[in-house]
Amino acid sequence: MNVRRSAAVLAATAVIGAATPAVAASPSPTPSVAIPSGLYGSADPTYDGVWRQSLALLAQDTAGVKPAGKAVDWLTGQQCANGSFAAFRADPAKACDAKLMVDSNSTAAAVQALAALGGHEAAVDKAVGWLKSVQNADGGWGYAPGGASDTNSTSVVVGALAAAGAKPAEVVKGGRSPYDALVGLALPCAAGGAFAYQPDKQGKLSANADATAAGVLGALGKGLAAGAAKKADAAACADAGYPGSPQAAANGAAYLAKSVAKDGYLTSVLPGAENQPDYGNTADAVVALAAQGGAEQARKPLAWLQRNAAAWAKQSGPAAYAQLVFAAHATGTDPRAFGGTDLVAALNSTGPTPQQTGKATGGLQRDDSDEKDDTEDSDDGFGVWWTVGVFLVAGIGIGFLISGRRKRQQ
């Protein structure tokens with residue numbers, strides 16, 4: 001998914017009232033901390049170290065690559081004793097304390113990566129236990145413990161629960177599941193059928209493409225590396241009463257399909273800037289469209305990414321390459337020949353040399369859980385601009401970095 005899950009994004013969100021998609025900017029040339037040898041990417045990891053590492057390892061596994069041992073060790077070494085993860089711990093030998101801001105997004109992303117790699121059951125179980133302990137009464141999660149539930153955080157946690165073998169529909173708080181939280185953040189078809197990030201101060205929901213791409217996967221009970229649905233059906237929005245989780249996913253996919261129909265990409269808007277392509281959110285939309293309705297539904301945005309995303313990924317770093325690997329996987333596209341770019345080799349080059357670099361399975365990748373998934377049991381790399389948002393928030397008196405989103409990547 002995209003960099004919406006950083007503390008920086010959440011800080012900016014606290015100011016503007018909704019998660020505004022960002023565009024990738026050049027990584028900082030002077031990181032404020034030393035870059036650990038096991039970490040992927042050369043940009044400052046303060047706000048996205050665990051996130052980008054988790055995406056990199058999950059993408060490598062998806063492409064048939066066995067990651068370097070020290071890369072995996074770095075990720076597991078970031079875990080706190082209570083099972084949670086922060087965005088980055090410069091000194092993992094120092095015990096986590098109350099001053100450390102742990103978060104649901106870093107924790108859930110780490111769970112998805114470690115569960116996929118296998119052999120880390122204890123770490124995964126502790127992390128899932130922590131996630132369950134901070135579930136909100138509406139069934140969802142916010143970025144930070146106790147924060148209001150948002151679509152992006154709830155969705156990445158749903159993916160973590162599914163990856164760990166839990167049934168999200170059965171993870172309840174006050175009788176409400178994550179799917180209930182996601183449905184509550186879905187707009188009716190008259191408003192486009194999208195997901196909102198969070199309600200605004202007046203309780204109003206506003207369509208958000210970034211949140212919608214995440215919400216489709218969450219409502220389907222799927223994670224970041226979802227495969228294509230078996231049934232190739234174009235999504236259609238329907239308000240059959242208040243939509244259940246599967247219909248909310250279809251509605252969200254219909255919104256995304258309409259959004260990319262003209263140009264093949266989603267757009268982002270920064271204050272004072274013109275609309276411009278949002279590469280990361282477009283990659284997320286490809287995964288969501290394929291997971292909901294089959295790879296064919298994502299062909300146009302996929303083709304646009306193949307033509308245009310290489311420079312963005314090179315500039316943005318490992319999490320961006322990972323997002324494109326996920327888009328390739330969801331559509332059965334070879335990530336080693338993605339518009340002329342070997343995404344796997346490019347990702348591998350940003351960090352420790354993998355142990356093995358086997359070939360990914362060819363042909364269309366499909367998710368065998370689509371015939372029966374957990375939703376049937378219920379009625380969802382950071383860029384400089386986000387970092388600027390953090391300091392903007394600090395400058396106007398917001399003394400915390402909570403609120404998610406996904407994310408331009410370092």
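For the residue pair Gly252 and Val216, the shortest heavy atom distance occurs at C-CG2, 3.7 Å. Nearest heavy atoms, Val183 versus Gly244: CG2-C, 3.8 Å. Of all the heavy atoms in Val50 and Ala110, the pair that sits closest is CG1-CB, 4.3 Å. Nearest heavy-atom pair across Ala295 and Ala228 is N-CB, 3.9 Å. Shown here for Gly139 and Ala181, the closest heavy-atom pair between the two residues is C-CB, 3.9 Å. Contact detail for Ala169 and Tyr179: the closest heavy-atom pair is N-CE1, 3.6 Å.
Within the 4.5 Å cutoff, side-chain heavy atoms of Gln306 are placed close to those of Thr333. The shortest distance between side-chain heavy atoms of Ser104 and Leu131 falls below 4.5 Å. Side-chain contact between Thr353 and Asn348 is absent, with no heavy atoms from C-beta onward closer than 4.5 Å. Trp312 places none of its side-chain heavy atoms less than 4.5 Å from the side chain of Leu305. Using a 4.5 Å heavy-atom threshold, the side chains of Gln292 and Leu256 count as separate. Phe338 is listed as a side-chain neighbour of Leu302, based on a closest heavy-atom distance under 4.5 Å. In this structure, Val111 and Phe85 have side chains that are not in contact, with every pair of non-hydrogen atoms separated by 4.5 Å or more. Proximity of Arg52 to Leu39: side-chain heavy atoms (C-beta onward) are separated by under 4.5 Å at one or more points.
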- So Lys314 and Thr341, side chain to side chain contact (heavy atoms under 4.5 Å, CB included) or not? Walk me through it. CA-CA 10 Å; Lys314 183 177 181 180; Thr341 298; over 6 Å; no
- Task: Give the intermediate values and the outcome of side chain to side chain contact (heavy atoms under 4.5 Å, CB included) for residues Leu347 and Leu343.
- Result: CA-CA 6 Å; Leu347 171 59; Leu343 299 175; over 6 Å; no
- Item | Evaluation steps, side chain to side chain contact (heavy atoms under 4.5 Å, CB included), between Val156 and Gln112 | CA-CA 9 Å; Val156 73; Gln112 293 193 44; 3.7 Å; yes
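Gln135 places a side-chain N or O within donor-acceptor distance of the main-chain N or O of Val171, the cut-off being under 3.5 Å. Here the side chain of Gln53 pairs a donor or acceptor atom with the backbone of Gly38 at under 3.5 angstrom. The closest donor-acceptor contact from the side chain of Ser316 to the backbone of Ala313 lies at 3.5 Å or more, if one exists at all. Between the side chain of Gln355 and the main chain of Pro67, a donor-acceptor pair closer than 3.5 Å is present. Here the side chain of Asp61 pairs no donor or acceptor atom with the backbone of Leu57 at under 3.5 angstrom. A donor-acceptor pair is defined here as one N or O able to donate and one able to accept, closer than 3.5 Å; no such pair exists between the side chain of Thr154 and the backbone of Pro178. The closest donor-acceptor contact from the side chain of Gln79 to the backbone of Ala123 lies under 3.5 Å. Remark: side-chain polar atoms of Thr212 are paired, donor with acceptor, to backbone N or O of Phe195 under 3.5 angstrom. A donor-acceptor contact shorter than 3.5 Å is absent between the side chain of Thr267 and the backbone of Gln276. Without hydrogens or angle criteria, Gln198 side chain to Ala148 main chain gives a donor-acceptor distance under 3.5 Å.
The disulfide (SG to SG under 2.5 Å) pairs that include a residue from residues 312-342 number zero, where partners must be two or more places apart or lie in different chains. Annotation: disulfide (SG to SG under 2.5 Å) contacts involving residues 145-174, sequence neighbours excluded, are absent. Applying the disulfide (SG to SG under 2.5 Å) rule to pairs touching residues 197-228 yields nothing, sequence neighbours excluded.
Residues that satisfy the ring-ring contact (aromatic ring centres under 6.0 Å, His included) test with Tyr265, not counting sequence neighbours, are Trp304. Contacts of Asn82 classified as side chain to side chain donor-acceptor pair (under 3.5 Å), with partners at least two apart in sequence or in another chain: Ser84. In terms of the side chain to side chain donor-acceptor pair (under 3.5 Å) criterion, residue partners of Asn136 (sequence neighbours excluded) are, by chain and number, Ser149. In this view, Ala191 and Leu187, Pro188 satisfy the side chain to side chain contact (heavy atoms under 4.5 Å, CB included) rule, not counting sequence neighbours. Listed by chain and residue number, Gln78, Cys80, Ala86, Cys96, Leu100 satisfy the side chain to side chain contact (heavy atoms under 4.5 Å, CB included) test with Arg89 (two or more places apart in sequence, or in another chain). For Thr350, there are no side chain to side chain donor-acceptor pair (under 3.5 Å) partners at least two apart in sequence or on another chain. For Val260, the side chain to side chain contact (heavy atoms under 4.5 Å, CB included) test picks out Leu266, Leu289, Pro301, with sequence neighbours left out. The salt bridge (charged side-chain N to carboxylate O under 4.0 Å, His left out) search around Glu121 returns none, not counting sequence neighbours. Listed by chain and number, the residues in a side chain to side chain contact (heavy atoms under 4.5 Å, CB included) with Pro352 are Tyr40, Ala68, Lys70, Ala71 (sequence neighbours excluded).
In this structure, Leu161 CG and Lys132 NZ are separated by 7.0 Å, a value rounded to the nearest 0.5 Å. Rounded to the nearest 0.5 angstrom, Leu185 CG and Asn152 CG are separated by 9.5 Å. For the atom pair CZ (Phe88) and OG1 (Thr46), the distance works out to 6.0 Å, reported to the nearest 0.5 Å. Summarising the geometry, atom CG belonging to Asn105 is positioned 7.0 Å from atom CG belonging to Asp150; distances are rounded to the nearest 0.5 Å. Interatomic distance, CG of Asp263 versus NZ of Lys300, reported as 7.0 Å (0.5 Å rounding).
The one candidate from Val286, Leu55, Asp284 that meets the side chain to side chain contact (heavy atoms under 4.5 Å, CB included) condition with Phe326 is Leu55.
Using modelled atom types and a 3.5 Å distance limit, the side chains of Tyr143 and Asp103 yield a donor-acceptor pair.
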